[in-house]
Structures are given as C-alpha cells and as structure tokens.
Amino acid sequence: EISQKWDAGDILAQTVFDVSDRETLESLSIRSQLAAKSLLSETVRDIEGLWARKKPQQDGSYWAMPQKADRTITWDMSVDEIDRIVRAFSKFEPFLFIEDVRYFVRKIDFWKENHHFKVGSVVHETNREKVFAASDGLVVLSNFVRSDEA
C-alpha cells in the first residue's frame, strides 16, 4: 500500500525464498522477477481479500548504494572475496587494474592453492584467458574488457 513515508506502507502480498551463499546478482534478480509475476497474478485474482488482510511492515534494513571501492578487486584479496565481488556486482561491472589499466570483470574461475607466485602476477595466459595469483589461490579471468573499450 502506498504511504506518505518511503517504503512504509502495509503489505498486501509477499513471498519469501532462501538466498544461497552462491547466489549471483543475475540469479537473485530473475528469482525476484518470477516472484513478482506470481504475486501480481495473486493480487489481480484477490485484491479485495488481500486488502482486507494487509499487514504492517516490520522494521527493515537498507543498504547504502555500492561505491567504486565495493566493486574493486585487488589481488591481495582471497579468491572467495574476489568471487563474492564478481557475483554481487556483475551487472555493475566490478573491476581491477592490470598494469595501471582498469578492466571490467564479467566472469572468473578460481581455486584455492598454496603457490609461490607473486600476488597479482600473471602465471599463465592463453588467447582468451589470463591466470593471476591471488593471496590464497589462482584466478582465471575469462571475460574481461578494458574500461575504455566497454
């Protein structure tokens, strides 16, 4: 229900679903869209009943808009931290620097591994991938583009 205050109106219909620790921005976005379609159908079928059963919102929480620092990958991060940033900000293009050039990162693969490589160094390269040493493993950049080419 619309109210005078931001995001404070009563709830007519809602759905709850679990969010896995491997969720991505894309999967969460699609799951939310599917839930919205279902809720819209439910609302159209029973608007009067839902209106009669509306419930006040509980206290919620709000996250600040992500800043560039939140989307920045550095090689001293763990592979889990790098993976989390790529999954969380994929549509907002997380980025990293290679030799002072900014690259947007769209897909990575990684594994944990004790290694002797200098953190941030390229340890392997193919025509499409670059493998970098992170603090606790190796990261394969397989979909990345210079920010001035994006």
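Here the side chains of D109 and S142 are in contact, with some heavy-atom distance below 4.5 Å. Residues V140 and W111 are in side-chain contact: their nearest non-hydrogen atoms beyond the backbone lie under 4.5 Å apart. Residues R53 and L12 are not in side-chain contact: their nearest non-hydrogen atoms beyond the backbone lie 4.5 Å or more apart. You'll find the side chain of K130 stays beyond 4.5 Å of the side chain of V123, heavy atoms only.
The shortest non-hydrogen separation linking H115 to A134 is NE2-O, 2.8 Å. Residues K118 and A133 share a closest heavy-atom pair of O-CB, 3.5 Å. The minimum heavy-atom distance between E23 and R87, with the atom names listed, is O-NH1, 2.6 Å.
For the atom pair R128 CZ and E125 CD, the distance stands at 14.0 Å (nearest 0.5 Å). Atom CZ of R84 sits about 8.5 Å away from atom OG of S78, to the nearest 0.5 Å. Taken from CG in D46 to OG in S41, the straight-line distance is 12.5 Å, to the nearest 0.5 Å. Here I2 contributes atom CD1 and D10 contributes atom CG; the two are 12.5 Å apart, rounded to the nearest 0.5 Å. Atom-to-atom distance recorded for K54:NZ and E1:CD is 3.5 Å, nearest 0.5 angstrom.
With sequence neighbours excluded, the residues satisfying side chain to side chain contact (heavy atoms under 4.5 Å, CB included) with E42 are A13, L39, R45, L50. Listed by chain and number, the residues in a side chain to side chain contact (heavy atoms under 4.5 Å, CB included) with E99 amount to none (sequence neighbours excluded). With sequence neighbours excluded, no residue forms a side-chain hydrogen bond (donor to acceptor under 3.5 Å, both in side chains) with S3. Not counting sequence neighbours, H124 has no partner by the ring pair (Phe, Tyr, Trp, His ring centres under 6.0 Å) test.
Side-chain atoms of S32 come within 3.5 Å of backbone atoms of L28 as a donor-acceptor pair (strictly under, hydrogens ignored). Checking side-chain atoms of Q57 against main-chain N and O of I11 turns up no donor-acceptor pair under 3.5 Å.
E129 and T126 are linked by a side-chain donor-acceptor pair at a separation below 3.5 angstrom, with hydrogens and angles left out of the test.
Taking Ile, Leu, Val, Met, Phe, Trp and Tyr as hydrophobic and joining them when side-chain heavy atoms fall under 4.5 Å apart, one finds V44 in a cluster with L40. Annotation for V139: hydrophobic cluster partners, listed by chain and number, are L25, I73, W75, M77, V79, I82, I85, V86, F89, F92, L96, I98, V101, Y103, V105, I108, F110, V119, V122, F132, L141, F144 (ILVMFWY side-chain heavy atoms under 4.5 Å, direct or chained).
At a threshold of 4.0 Å, the pair R102-D148 does not count as salt-bridged, since none of the basic side-chain nitrogens sits closer than that to a carboxylate oxygen. Between R106 and E93, at least one side-chain N (NZ, or NE/NH1/NH2) sits under 4.0 Å from a carboxylate O, which counts as a salt bridge.
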- Decide side chain to side chain contact (heavy atoms under 4.5 Å, CB included) for F104 and R146; before the verdict, give the C-alpha distance in whole Å, the side-chain angles of both, and the deciding distance to 0.1 Å. CA-CA 6 Å; F104 291 128; R146 283 178 66 121; over 6 Å; no

